[in-house]
Asker: 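Quick one: structure below, then a few questions.
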2 protein chains.
Amino acid sequence: MGRKTSKDQPTDQRLPRLGVEPYLQLMGRTAAPETDAKSAHMGLVMLWLSDHILDVMDEELASYGITESKLDLLLLLILHQDKGMITPSAIAARLGIRRASATALLDWLEKRQWIAREQSDQDRRMIHVSITPEGKELVERLLPAFWRTCASLVEVLEPEERAVFEKVLLKLNDTIEKRLDAGR
Amino acid sequence: MGRKTSKDQPTDQRLPRLGVEPYLQLMGRTAAPETDAKSAHMGLVMLWLSDHILDVMDEELASYGITESKLDLLLLLILHQDKGMITPSAIAARLGIRRASATALLDWLEKRQWIAREQSDQDRRMIHVSITPEGKELVERLLPAFWRTCASLVEVLEPEERAVFEKVLLKLNDTIEKRLDAGR
DNA sequence: GCCATATAATTAGATTATCTAACTATATTT
DNA sequence: AAATATAGTTAGATAATCTAATTATATGGC
């Protein structure tokens, strides 16, 4: 966060990242013979692209004073509203983090009055979490820009490219989600 | 890191993430009218895919006791070897981080004997950083798996899909790199 | 040649997002 | 009623960043 305002010493210069070529050369000597070079190259670019995409989104969200993890939590609360009350445990389970981590996020959001905690009457160990009007206001204010930014990621593509890309994207995402789920 | 060995209370269960549908519905009511819904949807999936790709790579690297940031640094040292000595400042500039952050990474790597620092004779303010034989050994051991993992990211794609996808990938990566460079 | 300024690296101190383990309070089961 | 399970939190850790300040060394202007 705050990469925009960073200054360090006034003379700090940003050297260009190494291009892909040196990496490909290194791959030539270090990849196992059965690894397809073209695929590995594409995967490497995907890895870089992934980093860049998260950087872009972090910067966008930083201008609203929030981060992706915390926005995820707020969106979960909004999307869950009609389905009744939600507890910190359920939030953690849905976000794929530990309950202790959820507690930390909730503390931060509560301090800013964007969420509220209320003890359950049925089971006094449980807490019901909800988004406040202020929290909703923030999300409503930020979402248009969020969708704009999402859209901007693929806007350079030509119509022909988009059709294939869309299919590929969903396929890759499904595959990797299954792969990650498998390891749990 | 270490998501694999996580346990918490034995009863902790991982609920499935919400699917894309609720998000699309939310988008319907919250996106600016001029935002293209299809693009925004694709961008959202790209954002998720990006998270997943980094998760996969983090897990892979964790099994070698290293992280992406630190591997980046080691690879930079390897790729820089023929071009003479490199300093912490130059490393920071190439990685796009502050010198203080580079110092922290170098401390960690030095403690494990994977890099070495040596004071320059010409300019005694400067440090020359190099990768040690042990560091090289680690990288040589890990890179085959790294390329394997890269390749595995796109392995589900059909040959026809790959051709288009490759072009699109490079285009998206170029575009976003320019965009990020612009904001500096 | 000396002093002001610039630069290189580090240190100090902070934030964010995670984690595991231990703890407290409350339910549930036997 | 005692043992066990569950919900939430707290305590303490690690990792990757940041800014600001500090220390040491060079350099450029006079």
Side-chain angles (χ1 to χ4, degrees), chain A residues 1-13 51 54-55 58-59 61-62 65-73 85-93 95-112 115 117-129, chain B residues 1-13 51 54-55 58-59 61-62 65-73 85-93 95-112 115 117-129:
Chain A
M1 219 183 297
R3 188 177 289 149
K4 250 175 299 194
T5 53
S6 59
K7 221 160 288 195
D8 206 338
Q9 286 179 4
T11 49
D12 257 28
Q13 48 186 326
D51 267 333
L54 297 181
D55 283 351
D58 281 354
E59 264 179 40
L61 295 183
I66 202 169
T67 59
E68 229 198 306
S69 304
K70 285 157 186 164
L71 177 59
D72 274 354
L73 205 165
M85 295 286 103
I86 192 167
T87 64
S89 285
I91 291 170
L95 297 181
I97 59 179
R98 299 282 133 205
R99 289 172 304 156
S101 307
T103 296
L105 296 177
L106 289 170
D107 284 348
W108 192 97
L109 292 166
E110 192 181 36
K111 211 184 315 172
R112 278 147 190 90
I115 62 112
R117 283 167 160 127
E118 198 199 351
Q119 196 162 28
S120 162
D121 288 336
Q122 283 93 22
D123 185 334
R124 305 183 13 84
R125 289 169 304 181
M126 293 202 217
I127 297 281
H128 292 325
V129 179
Chain B
M1 222 184 295
R3 188 177 290 148
K4 250 175 299 193
T5 53
S6 58
K7 220 161 288 195
D8 206 338
Q9 286 179 3
T11 49
D12 257 28
Q13 49 187 325
D51 267 332
L54 296 181
D55 283 351
D58 281 353
E59 263 178 42
L61 295 182
I66 201 169
T67 60
E68 227 197 305
S69 303
K70 285 157 185 164
L71 176 59
D72 275 354
L73 205 166
M85 294 286 103
I86 193 168
T87 63
S89 286
I91 291 170
L95 297 181
I97 60 179
R98 297 283 136 203
R99 288 173 306 158
S101 307
T103 296
L105 296 177
L106 290 170
D107 285 348
W108 192 96
L109 292 166
E110 191 180 38
K111 211 185 314 173
R112 279 147 190 88
I115 63 114
R117 283 168 161 125
E118 197 199 352
Q119 196 160 29
S120 161
D121 289 335
Q122 282 93 22
D123 186 332
R124 308 187 7 87
R125 289 169 304 179
M126 293 202 215
I127 297 282
H128 292 327
V129 179

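Letters go in sequence order (proteins before strands), and every chain restarts at 1.
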Asker: Using the side-chain heavy atoms of A/Ala104, tell me which of these nucleotides is nearest: D/dT9, D/dA16, C/dT18.
Answerer: C/dT18

Asker: Does a side-chain N or O from A/Ser101 land closer than 4.0 Å to OP1 or OP2 of C/dT18, or not?
Answerer: no

Asker: If you assign each of B/Gln122 and A/Asp107 to its closest nucleotide in DNA chain D, which residue comes earlier from the 5' end?
Answerer: A/Asp107

Asker: To the nearest Å, how far apart are A/Glu68 CD and C/dA17 P?
Answerer: 10 Å

Asker: Report the distance from atom CG of A/Leu61 to atom P of C/dT16, rounded to the nearest whole Å.
Answerer: 14 Å

Asker: Between A/Leu105 and A/Ser120, which is nearer to the 5' end of DNA chain C once each is assigned its nearest nucleotide?
Answerer: A/Leu105

Asker: CG of B/Leu109 versus C1' of D/dA15: gap in Å, rounded?
Answerer: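 For the pair B/Leu109 CG and D/dA15 C1', the rounded distance is 13 Å.
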
Asker: Of all the choices, D/dA15, C/dA9, D/dG8, which nucleotide is nearest to the side chain of B/Ile127 once you look at every atom?
Answerer: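 Per side-chain heavy atoms of B/Ile127, the pick is C/dA9.
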
Asker: From the set D/dA15, D/dA20, D/dT10, return the single nucleotide nearest to any side-chain atom of B/Ala100.
Answerer: D/dA20

Asker: Given B/Leu73, which of B/Thr67, B/Ile66, B/Ile97, B/Leu105 fulfils the side-chain contact (heavy atoms from CB on, under 4.5 Å) condition?
Answerer: B/Leu105

Asker: Starting from the 5' end of DNA chain C, give me the residue, B/Thr103 or A/Asp121, whose nearest nucleotide shows up first.
Answerer: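 Upstream on the strand: B/Thr103.
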
Asker: In this structure, how many angstroms lie between the P atom of C/dA8 and the NE2 atom of B/His128, rounded?
Answerer: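 Distance check: B/His128 NE2 to C/dA8 P gives 13 Å.
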
Asker: Would you classify B/Ala102 as touching base, sugar-phosphate or nothing, given that sugar-phosphate means primed atoms plus P, OP1 and OP2, and contacts are heavy atoms under 4.0 Å?
Answerer: nothing

Asker: Does a side-chain N or O of A/Ser89 approach OP1 or OP2 of D/dG8 to a distance below 4.0 Å, or not?
Answerer: yes

Asker: With heavy-atom distances below 4.5 Å as the criterion, would you say the side chains of B/Pro88 and B/Arg99 are in contact?
Answerer: no

Asker: Figure out the CD1/C1' separation between A/Ile91 and D/dT9, and round it to whole Å.
Answerer: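 Interatomic distance, CD1 of A/Ile91 to C1' of D/dT9: 14 Å.
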
Asker: With a cut-off of 6.0 Å (strictly less than), are more than 12 heavy atoms of other residues, nucleotides or ligands near CD of B/Glu118?
Answerer: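 No - once you tally the heavy atoms of other residues, nucleotides and ligands closer than 6.0 Å, there are 12 at most.
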
Asker: Is B/Arg98 near enough to D/dT17 that one of its side-chain N or O atoms lies under 4.0 angstrom from OP1 or OP2?
Answerer: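 It does not, given that no N or O in the side chain of B/Arg98 lies less than 4.0 Å from OP1 or OP2 of D/dT17.
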
Asker: Can you find a donor-acceptor pair, distance only, under 3.5 Å between A/Arg99 side chain and D/dG8 base?
Answerer: yes

Asker: Between A/Ser69 and C/dT18, is there a side-chain N or O to OP1/OP2 distance below 4.0 Å?
Answerer: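 The answer is yes; a side-chain N or O of A/Ser69 sits under 4.0 Å from OP1 or OP2.
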
Asker: Would you mind reading off the distance between B/Met126 atom CE and D/dT27 atom P, rounded to a whole angstrom?
Answerer: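 Distance check: B/Met126 CE to D/dT27 P gives 8 Å.
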
Asker: Indicate, yes or no, whether a donor-acceptor pair under 3.5 Å links the base of D/dT6 to the side chain of A/Arg125.
Answerer: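 It does, because a donor-acceptor pair links the side chain of A/Arg125 to the base of D/dT6 below 3.5 Å.
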
Asker: Rounded to the nearest 0.5 Å, what separation is found between the NE2 atom of B/His128 and the CG atom of B/Asp123?
Answerer: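 Between atom NE2 of B/His128 and atom CG of B/Asp123 there are 9.0 Å.
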
Asker: Could you check which of D/dA26, C/dT18, C/dT26 has an atom nearest any side-chain atom of A/Arg124?
Answerer: C/dT26

Asker: Can you measure from CD1 (B/Ile91) to OG (B/Ser101) and round to the nearest 0.5 angstrom?
Answerer: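 Spacing of CD1 (B/Ile91) from OG (B/Ser101) equals 12.5 Å.
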
Asker: Kindly write out the residues that satisfy side-chain hydrogen bond (donor to acceptor under 3.5 Å, both in side chains) with A/Arg117, not counting sequence neighbours, or none if the list is empty.
Answerer: A/Asp107, A/Glu110

Asker: In whole angstrom, give the distance that lies between atom CE of B/Met85 and atom P of C/dA8.
Answerer: 17 Å

Asker: Check the distance between C/dT16's P and A/Ile97's CD1 and give it to me in whole angstrom.
Answerer: 15 Å

